[in-house]
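What follows is a set of notes on a single structure, which appears directly below.
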Amino acid sequence: MSWIPPEQALAVALERCTAIQLEAIESESRQLCIQAGAGSGKTRVLTLRIARRVADDEIDPMRGLVATFSRKAAEELRHRLFLLGVRDLQTGTIHSIALRLLNEFRNDRHQKSVVLVPDRTRLIDTILNSSISSGMRPAAIEAEISWAKSRGLTPATYLDAAASAGRKSPGPRQEIADAFLRYEQLRVQQGKLDLDDLLLEATRTLSNDLSFREAMQWRYQHLSLDEAQDLNPAQRDLLLVLAGDDPDFTFVGDPNQSVYGWNGADPNLMADLVDRYPRTQTVILLANHRSTKRIVDVANAALGAPGARSTARDGGAAPTVRSYPTDVDEAKAIAQSLLQKKSQPKALSATAILARTNAQLQIIANELDALNIPYRFAGGDLAPGVNGRVTDARSMPDLESEAPGGVILATFHRSKGLEWSSVFVIGVAEGIVPFSAASTHDELAEERRLLYVALTRATDTLTITWPERRTMSGRTEGRRRGPSPWLASIEQELARQARAEMPLEGEERQRQLNRLRQLASEALDE
């Protein structure tokens, strides 16, 4: 596609939008919620809304801010706005915004800039001693502290809150609370903040200093939030105090793609934003512009929403489900099926193999190596991005697209936000999907959403596989596994699709012909 000058790009892009997308883009509501399903073009709609408002002089880009959750997502937003001619509007992760606010507040008062804890797990490791008798790993304690801080908890309030939430802690809660307390004492002694502290401290600073809060609310009068389903309470609270009582606030997201519960993300917080601003207009984007309808219907069935109202393009191959005796057999079969693409770099790079865990991907990698099929593990930038600055489009770097480099291997989590023409979703067996550690209602619901995310990465071809036995440490387990409990609804949907495509025979065929004749006769009578 040839390059389009920015002054024309907006008009061209708007001409290609659907009516419901234009409703969101052209909305005059100060508070707008865009609930957008997989493949519905939510980020495109968000950036076009911003660019349209800038072009119509509805907003001053110098006083606009777009927040998201990773450096990669922030760069993409900035790049899209740049191509649409928006140069001055700032974009950044919520953490980088918090860091900028805190440093500005401190520097204006001749205080030291924020010093961050470089590695929280390593710091936790230094305070563990014989009092931690359960053998919990530092990484497990670190994850629990992150969960607690995302909810504004302290070592003193952690115990009761974890119990009330039914939190499945990695060890004795009292030992975690003790480690949490010692970690906080050491962190404060060193004069440092961790990533969660950035959010909490920025919220406290804005709340406690009226003049600073008013200055920041004046500076950031036009707020936008991408991936709103990934909010955790600490992030939500920072945005609320920055937004004020009647903000110009657009937020976009899909609760069905909320998959970061381990970081405190809560899909209900998107609805909470709507409740806090009663005049919020909600626009729902149902159409999937990425995948075929066959794939969309399978994904909806996996989500527990068969027959959900959604539109998508027709055509494409029917999704398939296959089982194998072991995960090694599964990997060998997939590798063999990719041999024909070995001499087609573009076809290989348009193919992805998605798994719940990295261990599953390594088995696939071994078999691809055996056949000399090129592959690469997906990157994925889940980091919060705290480089000390919120960027604007004037400092837009040259973004180079990745050269084709073979089949993509990615976990379900890392596949979020990406798409490929052909996708293998592997290991859809009990104990894997959902992951065996998931037991609570919320955890199982998130695992189901995670499968939905993986399935909706495919645009044209989708293959779902599962092994009856797994191989661990070189040994194949003796116990046979069954399929994932969610595979039954997928297979029911595939059967429905097959029946719908079967030629009509016998009495059913005659009934349909009679019905068509009746309709034709009624039309002639009119």
Side-chain angles (χ1 to χ4, degrees), residues 1-61 63-68 73 76-89 91 221-229 243 246-257 270-271 273-274 277-293 296 300 308-314 393 417 419 456 459:
M1 182 175 177
S2 59
W3 180 78
I4 301 175
E7 59 270 18
Q8 301 176 18
L10 177 60
V12 171
L14 291 176
E15 288 177 358
R16 295 172 179 170
C17 290
T18 64
I20 191 66
Q21 288 176 332
L22 286 174
E23 181 181 342
I25 293 166
E26 296 175 352
S27 171
E28 296 181 358
S29 298
R30 282 181 57 77
Q31 290 104 41
L32 177 66
C33 169
I34 305 174
Q35 187 170 317
S40 61
K42 62 179 179 57
T43 303
R44 179 170 178 264
V45 169
L46 176 62
T47 52
L48 285 175
R49 172 171 168 78
I50 294 169
R52 195 276 305 167
R53 297 183 77 197
V54 170
D56 291 348
D57 292 324
E58 287 185 17
I59 63 174
D60 178 356
R63 296 166 71 182
L65 176 64
V66 186
T68 188
E76 180 184 355
L77 285 165
R78 189 155 53 98
H79 183 53
R80 292 190 185 210
L81 290 168
F82 179 84
L83 294 177
L84 292 169
V86 180
R87 300 289 188 269
D88 299 319
L89 190 140
T91 67
Q221 286 195 1
H222 314 292
L223 296 178
S224 299
L225 173 66
D226 197 16
E227 305 286 2
Q229 77 280 345
D246 183 29
D248 182 332
F249 189 14
T250 298
F251 49 99
V252 184
D254 178 12
N256 288 332
Q257 296 187 70
M270 188 171 169
L273 290 177
V274 175
Y277 303 113
R279 292 188 295 171
T280 299
Q281 176 190 1
T282 298
V283 177
I284 301 176
L285 307 182
L286 291 173
N288 186 304
H289 304 287
R290 173 192 298 149
S291 309
T292 66
K293 192 172 190 311
V296 171
N300 286 337
R309 289 189 305 119
S310 60
T311 58
R313 59 188 171 86
D314 293 326
E419 63 180 65
T456 53
T459 64

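Computed from a prediction, not measured in an experiment: that's the story for all the values here. Numbering of residues begins at 1 and proceeds along the displayed sequence.
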Side chain to side chain, [X] and [Y], heavy atoms closer than 4.5 Å:
{"X": "I25", "Y": "C17", "value": "yes"}
{"X": "I34", "Y": "L285", "value": "yes"}
{"X": "Q31", "Y": "P278", "value": "no"}
{"X": "T68", "Y": "T91", "value": "no"}
{"X": "T459", "Y": "R313", "value": "yes"}
{"X": "T43", "Y": "V252", "value": "no"}
{"X": "Y277", "Y": "C33", "value": "no"}
{"X": "L48", "Y": "Q21", "value": "no"}

**Request:** Let me know which of E28, E58, E26 forms a salt bridge (charged side-chain N to carboxylate O under 4.0 Å, His left out) with R52.
**Result:** E58
Exercise: identify the closest heavy-atom pair between [X] and [Y]:
{"X": "S291", "Y": "A312", "value": "O-CB, 3.4 Å"}
{"X": "L89", "Y": "L65", "value": "CG-N, 4.2 Å"}
{"X": "Q229", "Y": "G253", "value": "OE1-CA, 3.1 Å"}
{"X": "L14", "Y": "L22", "value": "O-CD2, 3.8 Å"}
{"X": "S29", "Y": "Q281", "value": "OG-OE1, 2.7 Å"}
{"X": "L10", "Y": "A51", "value": "CD2-O, 3.8 Å"}

**Prompt:** Yes or no on side chain to side chain contact (heavy atoms under 4.5 Å, CB included) for L32 and V283, after CA distance, side-chain angles and deciding distance?
**Reply:** CA-CA 8 Å; L32 177 66; V283 177; 3.9 Å; yes
**Message:** For a side chain to side chain contact (heavy atoms under 4.5 Å, CB included) check, start with the C-alpha distance between L286 and I20, then their side-chain angles and the critical distance, and finish with the verdict.
**Reply:** CA-CA 9 Å; L286 291 173; I20 191 66; over 6 Å; no
**Asked** Can any side-chain N or O of R49 pair as donor or acceptor with the backbone N or O of A24 at less than 3.5 Å?
**Response** yes
**Fill in**
The complete set of salt bridge (charged side-chain N to carboxylate O under 4.0 Å, His left out) pairs with one or both residues in residues 31-45, sequence neighbours excluded, reads K42-D226, K42-E227
**Prompt:** Which salt bridge (charged side-chain N to carboxylate O under 4.0 Å, His left out) pairs, counting each pair once, include a residue from residues 246-256, with sequence neighbours left out?
**Reply:** R30-D246, R53-D248, D246-R279
**Request:** Quick one: pull up OG in S224 and CD1 in I59 and give me the separation to the nearest 0.5 Å.
**Result:** 6.5 Å
**Request:** Can you measure from CG (L223) to CZ (R63) and round to the nearest 0.5 angstrom?
**Result:** 12.0 Å
**Prompt:** Using the ring of each side chain (for Trp, its six-membered ring), is F249 parallel, tilted or perpendicular to F251, with breaks at 30° and 60°?
**Reply:** tilted
